[in-house]
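So the structure is just underneath, and the comments pick up after that.
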Number of protein chains: 2
Amino acid sequence: MSEDAPIDAKRLQKRRAQEDSNIFVRLPAAYAASRVQGRRFLQHGGDLSIVEWRTLWDLHEAGPMTIRDLANIQRTDHSLLSRALPQMRDKGYVTMTRGLEDARQIIVTLTEKGADAYAKAAPIMARRRAALREEFTDAEIAVFIGFLDRLDDFLRRPVEDLLQMETVK
Amino acid sequence: MSEDAPIDAKRLQKRRAQEDSNIFVRLPAAYAASRVQGRRFLQHGGDLSIVEWRTLWDLHEAGPMTIRDLANIQRTDHSLLSRALPQMRDKGYVTMTRGLEDARQIIVTLTEKGADAYAKAAPIMARRRAALREEFTDAEIAVFIGFLDRLDDFLRRPVEDLLQMETVK
DNA sequence: AGAAAATATATGACTTGTCACGTATAATTT
DNA sequence: AAATTATACGTGACAAGTCATATATTTTCT
């Protein structure tokens, strides 16, 4: 084997710059930062986990619903809720009752204690959203969301389709 | 306790709509979808993990570098690489040698086998980026990246600052 | 009515990512 | 030169998320 090639600082810098404009690199990083920031905010508001916060918020806003409904609104996998909810029930934040009409379903309902936990975290999280709105105008947010809509569509297209695609450009 | 409130389909729909325009909900969902799509593409190109692919790509583009350099370019935590690299070395994709000038560092270098694995996955992943460029113009990508830059800045500001902020609006 | 298909939930195994902390080495200060 | 501080890496513990598979219940089809 040949002797070690040296580290080339210029090539690294160039590579870093390339990756800076790669959506598939920036998206994970932005998400990770968002998760960290979310957790830090929540530490100031009763130390809920992110999943717990989202769930309390949704239940507060929309009333009782099934696990699937929660997963749907949160755009996440039901298994995440399936695992988190028993703990939330044990903490007294929610009740879980089997559906009367459809016995497959679990109806999740906010308890008073859950509403209290929500009330404690809510103003902190409202501040977060308010702070975001000082960085981005409503119009910008709308464009941003529009991009995410289109990106979502793209990301959910079957890989086979995309691979077969004639790359015209 | 009062009897169970019924599920209110209209409220659920409204809540779903609200969350649809919440950046903090859409970002995780978009990232998760991106990760799934990335993995599916990689299954067509030698079954690398996402971390492995990123690492082979960076090493191919920029030559040998330290673990910290890799983490830096990928905008991720060094511990992720610290765990992934020994496995990549065992698979024969990279070598890890202690830095001569700075003995704290590990210099990661692509092997021939690593270059082969890269060459196998690269055209598939290039297709992915090409497909994305058919959905978004270069100008749109630039705006998108600009949003992500600004979002990153926001997400990295200390929570205390944001909480103390007078929310003027 | 009975069989087949679809749906709701639970659970094990896995990946990506963070943080905190420990250890070794290098750089800086006194 | 010695002591302090900073940096690079490794590792344990955790969170958020996916997927596949199993089970129970509904719905649909014959």
Side-chain angles (χ1 to χ4, degrees), chain A residues 7 24-43 47-55 65-72 74-89 96-108 155-156 159, chain B residues 7 24-43 47-55 65-72 74-89 96-108 155-156 159:
Chain A
I7 294 180
F24 301 121
V25 169
R26 299 301 302 274
L27 203 57
Y31 161 61
S34 168
R35 185 141 69 91
V36 167
Q37 194 197 54
R39 218 185 37 230
R40 294 217 171 117
F41 270 91
L42 284 169
Q43 281 168 0
D47 221 14
L48 300 168
S49 75
I50 289 176
V51 174
E52 285 173 341
W53 158 248
R54 285 195 303 225
T55 301
M65 64 184 91
T66 68
I67 290 181
R68 187 140 305 263
D69 292 332
L70 280 167
N72 210 352
Q74 296 179 17
R75 289 174 175 254
T76 188
D77 196 272
H78 69 92
S79 61
L80 197 58
L81 281 308
S82 205
R83 262 182 265 265
L85 284 168
Q87 295 175 45
M88 293 182 69
R89 182 193 51 204
M96 299 170 74
T97 58
R98 196 147 291 269
L100 292 179
E101 293 167 24
D102 185 337
R104 289 169 305 183
Q105 299 180 331
I106 301 285
I107 314 289
V108 185
L155 293 170
R156 285 175 219 290
V159 169
Chain B
I7 293 180
F24 301 122
V25 169
R26 299 300 303 274
L27 203 57
Y31 162 61
S34 168
R35 187 141 68 91
V36 167
Q37 194 197 56
R39 218 184 37 233
R40 294 214 171 120
F41 269 92
L42 285 168
Q43 281 168 1
D47 221 12
L48 300 167
S49 77
I50 290 175
V51 175
E52 285 173 341
W53 158 248
R54 285 195 302 226
T55 301
M65 64 183 91
T66 69
I67 289 182
R68 187 138 308 262
D69 292 331
L70 280 167
N72 209 352
Q74 297 178 16
R75 291 175 173 253
T76 188
D77 196 271
H78 71 93
S79 62
L80 196 58
L81 279 309
S82 207
R83 261 183 265 266
L85 284 168
Q87 294 174 45
M88 293 182 69
R89 183 193 48 204
M96 300 169 72
T97 58
R98 195 148 290 272
L100 292 179
E101 293 168 24
D102 185 336
R104 289 170 303 183
Q105 300 179 332
I106 302 284
I107 315 290
V108 185
L155 293 170
R156 284 175 218 290
V159 170

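We use all heavy atoms of the structure for the numbers below, so side chains are in, but hydrogens, waters and symmetry mates are not. Residue numbering restarts at 1 for every chain, and letters A, B, ... go by the order of the sequence lines. Every value quoted in this text rests on a predicted model; they were computed, and no experiment measured them.
- No side-chain donor-acceptor contact under 3.5 Å links A:S82 to the backbone of A:H78.
- One interatomic measurement links the two molecules: CD1 of A:I67 to C1' of C:dT11, which rounds to 13 Å at whole-angstrom precision.
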Handout entry: Summary of protein contacts for nucleotides 17-24 of chain D, nucleotide by nucleotide, where a base hit scores B, a sugar-phosphate-only hit scores S (4.0 Å, heavy atoms)
Key = BBB----B

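- When every heavy atom of A:Q43 is checked against every heavy atom of A:D47, the shortest pair comes out as CG-OD1, 3.4 Å.
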Handout entry: CA sep, side-chain torsions, deciding dist, call: B:T66, B:I106, side chain to side chain contact (heavy atoms under 4.5 Å, CB included)
Key = CA-CA 5 Å; B:T66 69; B:I106 302 284; over 6 Å; no

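- Atom CZ in A:R68 sits about 14 Å away from atom C1' in D:dT25, given to the nearest Å.
- The side chain of B:Q105 lies closest to D:dA8, out of D:dG10, D:dT26, D:dA8.
- If you take CZ of B:F41 and P of C:dT15, they are 21 Å apart, rounded to a whole angstrom.
- Between the C1' atom of C:dT15 and the CG atom of B:D47 lies a distance of 13 Å, rounded to the nearest Å.
- You'll find the side chain of A:V36 stays beyond 4.5 Å of the side chain of B:L155, heavy atoms only.
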Practice task
Please assess A:R68 against A:Q105 for the test side chain to side chain contact (heavy atoms under 4.5 Å, CB included), listing each intermediate value before the final yes or no.
Solution key: CA-CA 8 Å; A:R68 187 140 305 263; A:Q105 299 180 331; over 6 Å; no

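- What you find for A:L27 and B:S34 is that their closest heavy atoms are CD2-CB, 3.9 Å.
- Looking at every heavy atom in both residues, A:A29 comes nearest to B:R75 through CB-CB, 3.7 Å.
- Within the nucleic acid shown, B:E101 comes within 4.0 Å of sugar-phosphate atoms alone, with no base atom in reach, counting heavy atoms only.
- Between the CD atom of A:Q87 and the P atom of D:dC14 there is a distance of 12 Å, given to the nearest Å.
- When side chains are defined from C-beta on, A:L70 counts as touching A:L85, because their heavy atoms get closer than 4.5 Å.
- Looking at heavy-atom distances under 4.0 Å, A:S82 makes contact with a base.
- If you measure from atom CG of B:L70 to atom C1' of D:dC9, you get 13 Å, rounded to the nearest angstrom.
- For the pair A:Q74/A:L80, no side-chain contact is recorded, criterion being any heavy-atom separation below 4.5 Å from C-beta on.
- DNA chain D forms stems at C:1-30 with D:1-30, each a run of 3 or more consecutive Watson-Crick or G-U wobble pairs whose two key distances fall under 3.5 Å.
- Rounded to an integer number of Å, the gap from B:I106 CD1 to D:dT11 P is 11 Å.
- If you take CE of B:M96 and C1' of D:dA8, they are 12 Å apart, rounded to a whole angstrom.
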